[in-house]
Amino acid sequence: MIRLITLIILACSPCAWSLPQESRVPGGIALVHLPALPDDAHLTLDGNPVWTLPTNNGAHVAVVGIPLDTAPGNLALQVNSSAGLQLIDITIAAKDYPEQRITLPTQEHVSPSEENLARYAREADEQKAVYKHFRTSTAGWPAFVLPTPGPYSSPFGLRRFFNNEPRAPHAGLDIAAPEGQAVQAPADGMIAQTGDYFFNGQTIMIDHGNGLVSMLCHLSKISVQQGQLVKQGQLIGKVGKTGRATGPHMHWTVSLNNARVNPLLLLPSAP
């Protein structure tokens, strides 16, 4: 039997953990307050496990990443247990992200060759595997800091055009910084992947646990290796301009339950 539940108030009561900011829009995060759950309950969104944390009053809060391509309306969160399947409606508001037009000096990263398209496909599969992996952790929601200081040269969610050709929305945050500036781990985690990718350049992916992943791109140097545990603030690399980049900067993507979300929502308050 399927039971449909519509939550009118989604903000959680005081929680046992510090949580991200809530923004129920495409590319945002929903904090869904739940009653006591059966011991065998697990939550999913579009087949991807959702991180659920206990609150001070014995209930739970689900921290749900909202995919950037979500249409306004209701999004169905699934609660699966031996008691049956429950669907929880999360109301998603519209979000009009601005456009950004970027001129690249060559067409190599706008209209790649067949060889580079094949390379990109292989690299994209590697990254998708990290995003979809759910490494269970009993730790609470981690505290985050900016990976490197600097002005935001490209905010999250921009509808992007390269040499006037439309491309996928910007699923991360770009921070302009001098080449060689230190890049630190934004939160505790495990290095899940490193590589030198066609579009992303030298890249580090950090698994923070429970479906929460950071990806840091366009680096000039990588100072960690796959499988290494890192702490918030630890040096992991240096700013660069590798891959598809018009100048030195660092790109920071955050994925939560395989949905790319605005990294600023993870900081104590959006600058």
Side-chain angles (χ1 to χ4, degrees), residues 17-23 27-29 63 65 68 97-98 100-104 127 130-131 139-158 160 169-197 199-209 212-226 228-256 260-271:
W17 320 106
S18 175
L19 293 173
Q21 301 173 66
E22 184 175 35
S23 178
I29 294 174
V63 187
L68 191 51
Y97 289 105
Q100 182 187 46
R101 295 181 179 271
I102 297 174
T103 301
L104 297 174
Q127 295 165 35
V130 175
Y131 288 139
W141 185 266
F144 276 81
V145 296
L146 275 177
T148 200
Y152 304 147
S153 53
S154 291
F156 174 85
L158 292 173
R160 307 185 88 178
H170 190 221
L173 172 70
D174 285 353
I175 301 173
E179 188 164 6
Q181 179 169 288
V183 173
Q184 61 182 336
D188 296 355
M190 182 186 74
I191 304 300
Q193 186 74 40
T194 64
D196 188 358
Y197 297 123
F199 284 120
N200 295 342
Q202 294 199 51
T203 296
I204 299 171
M205 300 185 77
I206 306 175
D207 184 345
H208 303 293
L212 179 62
V213 176
S214 284
M215 181 173 71
L216 311 169
C217 305
H218 307 301
L219 306 177
S220 62
K221 181 179 180 180
I222 294 174
S223 304
V224 289
Q225 58 186 356
Q226 188 174 1
Q228 180 178 341
L229 297 177
V230 293
K231 303 295 289 184
Q232 182 206 76
Q234 181 177 335
L235 176 68
I236 58 173
K238 294 184 178 181
V239 173
K241 55 182 179 181
T242 55
R244 184 169 65 185
T246 57
H249 73 284
M250 191 215 64
H251 171 100
W252 180 24
T253 284
V254 170
S255 184
L256 177 60
R260 314 304 174 254
V261 299
N262 189 344
L264 292 181
L265 295 175
L266 279 66
L267 301 177
S269 60

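Sequence positions, counted from 1, serve as the residue numbers for this chain.
Side-chain contact, S214 with W252: a donor N or O sits under 3.5 Å from an acceptor N or O. No hydrogens or angles considered: a donor-acceptor pair under 3.5 Å links the side chains of T148 and Q181. Looking only at atom types and distance, the side chain of Q127 has a donor-acceptor partner in the side chain of N200 under 3.5 Å away.
Cation-pi geometry between R244 and Y197 is not satisfied (NZ or CZ under 6.0 Å from the ring centre, within 45° of the ring normal).
In this structure, L68 and F156 have side chains that are in contact, with non-hydrogen atoms separated by less than 4.5 Å. Under the 4.5 Å side-chain criterion, counting only non-hydrogen atoms from C-beta, Q184 is not in contact with P186. Between I236 and I206, some side-chain heavy-atom pair lies under the 4.5 Å cut-off. Using a 4.5 Å heavy-atom cutoff, the side chains of L146 and L267 are in contact. Between N262 and L173 the shortest side-chain heavy-atom distance does not fall below 4.5 Å. No side-chain heavy atom of H170 sits under 4.5 Å from any side-chain heavy atom of Y97. The shortest side-chain heavy-atom distance between W141 and V63 falls under the 4.5 Å cut-off. Using a 4.5 Å heavy-atom cutoff, the side chains of V213 and M205 are in contact.
With Q202 contributing its side chain and D196 its backbone, the two residues share no donor-acceptor pair below 3.5 Å. With hydrogens and angles disregarded, a donor-acceptor distance shorter than 3.5 Å links the side chain of S220 to the backbone of V239. Put simply, the side chain of T253 gets close to the backbone of A171: a donor and an acceptor are under 3.5 Å apart. With hydrogens and angles ignored, the 3.5 Å screen pairs a side-chain donor or acceptor of T242 with a backbone N or O of L219. Checking side-chain atoms of Q193 against main-chain N and O of D207 turns up no donor-acceptor pair under 3.5 Å. At distances below 3.5 Å, at least one donor-acceptor pair connects side-chain atoms of D188 with backbone N or O atoms of Q232.
Using bins of under 30°, 30° to 60° and over 60° for the plane-to-plane angle, the ring pair H218/H249 lands in the tilted bin.
Nearest approach of S255 to R260, heavy atoms of both residues: OG-NH1, 2.9 Å. The minimum heavy-atom distance between V261 and G28, with the atom names listed, is CG1-O, 3.4 Å. Between A185 and V230, the shortest heavy-atom distance links the atoms CB-CG2, 4.0 Å. Closest heavy-atom contact between A245 and K241: CB-O, 3.7 Å. Residue P178 comes nearest to P248 through the heavy atom pair C-CB, 4.4 Å, listed as atom of the first residue, atom of the second, then distance. Taking every heavy atom of both residues into account, L266 and P20 meet most closely at CA-CB, 4.3 Å.
For the atom pair CD1 of I222 and CD of Q225, the computed distance is 11.5 Å after rounding to the nearest 0.5 Å. Going from atom CG of D174 over to atom NE2 of H251 covers 6.0 Å, rounded to the nearest 0.5 Å.
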message: What verdict does the side-chain contact (heavy atoms from CB on, under 4.5 Å) test give for L212 and V254, after you've listed the backbone C-alpha separation in whole Å, the side-chain angles of each residue and the deciding distance to 0.1 Å?
response: CA-CA 7 Å; L212 179 62; V254 170; 3.9 Å; yes

- request: Give the C-alpha distance, both sets of side-chain angles, the deciding distance and a yes or no for side-chain contact (heavy atoms from CB on, under 4.5 Å) between E22 and I29.
  value: CA-CA 5 Å; E22 184 175 35; I29 294 174; 5.8 Å; no

message: As a quick check of understanding, evaluate side-chain contact (heavy atoms from CB on, under 4.5 Å) for L216 and V183, giving each step before the final call.
response: CA-CA 9 Å; L216 311 169; V183 173; 4.0 Å; yes

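For F144 and H208, the gap between ring centers is short of 6.0 Å.
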